[in-house]
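Just follow the structure's listing: the first ligand is 1, and inside any ligand the first atom is 1. All values reported here derive from a predicted model rather than from experimental measurement. When reading the values below, keep in mind they use all heavy atoms of this one structure, side chains included, and skip hydrogens, waters and symmetry mates.
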Amino acid sequence: MPKFRNIIVTGGAGFIGSNFVRYIVANHPEVAHITVLDKLTYAGNPANLAGLPKEKVQLVVGDICDQDLVDQLVQKADAVVNYAAESHNDNSLIDPAPFIQTNIVGTTVLINACRKYDVRYHHISTDEVYGDLPLRENLPGHGDGPGEKFTPDAPYRPSSPYSASKASSDMLVRAWVRSFGLRATISNCSNNYGPYQHIEKFIPRQITNILSGIRPKLYGTGKNVRDWIHTSDHSRAVWQILTAGKIGETYLIGADGEKNNQEVLALILELMGQPGDAYDHVKDRPGHDLRYAIDATKLRTELGWRPMITDFRQGLQQTINWYSTHQDWWRDEKAAVEARYRQNGQ
Ligand code: NAD
Ligand code: DAU
């Protein structure tokens, strides 16, 4: 197993990247130094790294598209794990430009630097590159037959500007591996939930709506299915792939957590003591993917990974508790986020 002493975590002040940084600090003392390279967009927050030892974790505020800065940092590192991205589908439907810039151009800058200095690269991607699947009830194997979940070699058919930009970045990484010998792996994960997720996203939006006296908002019918995984299980999987994964390979990360949006909202309402019908149906997302489902067999069998948080109700309760007790973390942004959604009819 390779030993990484100096790791760069791009986007490490965001939701999932900051979880990975906290995971390394808590579990891998052999890592001497973590450089978080983060532009601190609306989604990045230095508070997500609060309490971590300053001698070990350094935040560099900067853009992954800045080749000089990236070169300067990468030449001193053993590995780069790239979480930096524009990550919200709804935003990509309003303005795709920053998605193209950060997700495609930024990835290219990083892999060029890793190629130049022969540094190990891990690319964080999404299951959305595979498009969507029919609902289980419309499938012969009821969702468990061959081809009824995403597998690593499923065809790419992204639906939104966000997922198309992530698909492009995956393709670039694969090309750099094959053409230039880049030492890289890719992981495509399903929907994450847990503390520190930006309140524009489905679960924290509904929790903070209820805490603010606003009715939760369900897009369209609410039958769309997402495959939920706790962000801490995602971080453990990424570490496993970084340290034991095979160069050039793609690993899918998922915890068999399929639920439709209506079911998730019903559980949030119940856990927060609200009536089951205390929500609004709003305009659907254009091109809204119907169902995601991950087949994580490769990760489980080849790398021995298993999710630890398998009780969604319990994970959701803990997430609700976190947003309830960390209102200073999200309160200031709530009105602006909701005003933006209202403008869009959502
Ligand atoms: P996030 O929006 O919470 O965080 C993104 C971080 O990247 C922020 O800190 C932001 O400031 C930073 N950033 C944005 N542009 C940058 C740039 N040009 N240079 C440097 N930093 C920049 O996103 P997230 O939900 O934590 O997602 C992280 C990664 O995981 C993304 O690549 C996303 O595609 C992927 N992913 C997310 C999920 C999910 O459910 N959220 C699931 C699978 C994969
Ligand atoms: O599958 C992985 C992806 O999961 C990641 O690549 C993305 O970065 C991440 O944002 C997430 O994408 P989704 O579009 O699935 O997540 P979001 O939280 O935006 O929406 C989840 C579902 O909830 C989706 O079907 C849309 C619906 N929704 C969303 C919001 C914000 C609602 O019904 N109401 C809402 O208010």
Side-chain angles (χ1 to χ4, degrees), residues 9-20 36-46 48-49 59-66 69-70 81-93 98-99 101-103 105-107 109-110 123-130 132 150 158-160 162-163 165-166 169 187-194 196-206 209 216-229 231 234 238 253-254 259-262 264-265 279-285 288-294 337-338 341 344 346:
V9 179
T10 65
F15 164 46
I16 312 181
S18 64
N19 186 281
F20 185 64
V36 171
L37 172 59
D38 199 297
K39 190 178 171 182
L40 298 184
T41 66
Y42 77 96
N45 187 346
N48 296 358
L49 300 167
L59 172 63
V60 175
V61 179
D63 193 330
I64 58 165
C65 301
D66 179 343
L69 174 63
V70 166
V81 183
N82 178 24
Y83 287 90
E86 287 293 334
S87 68
H88 193 36
N89 275 298
D90 290 328
N91 294 343
S92 81
L93 296 164
F99 290 76
Q101 182 63 19
T102 288
N103 300 1
V105 177
T107 296
V109 169
L110 290 171
H123 190 63
I124 301 293
S125 193
T126 169
D127 59 357
E128 296 192 11
V129 299
Y130 297 112
D132 62 356
F150 298 136
S159 313
S160 72
Y162 161 68
S163 50
S165 70
K166 293 296 292 187
S169 67
S187 56
N188 299 77
C189 188
S190 61
N191 283 65
N192 284 222
Y193 75 101
Y196 297 99
Q197 186 167 30
H198 195 277
I199 57 168
E200 69 191 351
K201 303 293 188 336
F202 178 55
I203 289 180
R205 183 183 183 204
Q206 313 316 332
N209 273 355
K217 309 288 184 235
L218 196 61
Y219 292 177
T221 61
K223 297 290 179 210
N224 306 63
V225 172
R226 296 295 181 263
D227 188 354
W228 294 99
I229 180 172
T231 186
H234 186 179
V238 169
I253 308 174
K259 299 222 168 340
N260 76 33
N261 296 336
Q262 210 158 31
V264 174
L265 182 53
Y279 68 90
D280 298 326
H281 282 278
V282 292
K283 200 179 86 181
D284 206 356
R285 174 183 284 171
H288 197 171
D289 281 339
L290 207 48
R291 181 171 78 97
Y292 304 143
I294 289 276
V337 169
E338 287 309 308
Y341 272 123
N344 213 29
Q346 292 175 317

Nearest protein heavy-atom contact for [atom]: which residue, which atom, what distance?
atom	result
atom 18 (O) of ligand 2	Phe202 N, 2.9 Å
atom 24 (C) of ligand 2	His288 NE2, 3.4 Å
atom 9 (C) of ligand 2	Ser87 O, 4.0 Å

Fill in: Under 4.0 Å to a heavy atom of Leu218 - the qualifying atoms of ligand 2, by number
33 (O)
Discussion item. For Lys166, state whether at least one heavy atom is located under 4.0 Å from any atom of ligand 2.
Written reply: no
Proximity to ligand 2 by part of [X], non-hydrogen separation under 4.0 Å:
X	result
Glu128	side chain
His88	side chain
Asn89	side chain

Discussion item. Tell me the contacting part of His198 for ligand 1: side chain, backbone, both, or neither, using a 4.0 Å heavy-atom threshold, strictly below.
Written reply: neither
Practice prompt. Just let me know how Leu40 lines up against ligand 1, side chain, backbone, both or neither, with a heavy-atom cut-off below 4.0 Å.
Written response: backbone
Worksheet item: Is Asp132 salt-bridged to Arg291, going by a charged N under 4.0 Å from an acidic O?
Response: no
Fill in: Atoms of ligand 1 close to Gly62 [distance to a heavy atom under 4.0 angstrom, numbered from 1]
19 (N), 20 (C)
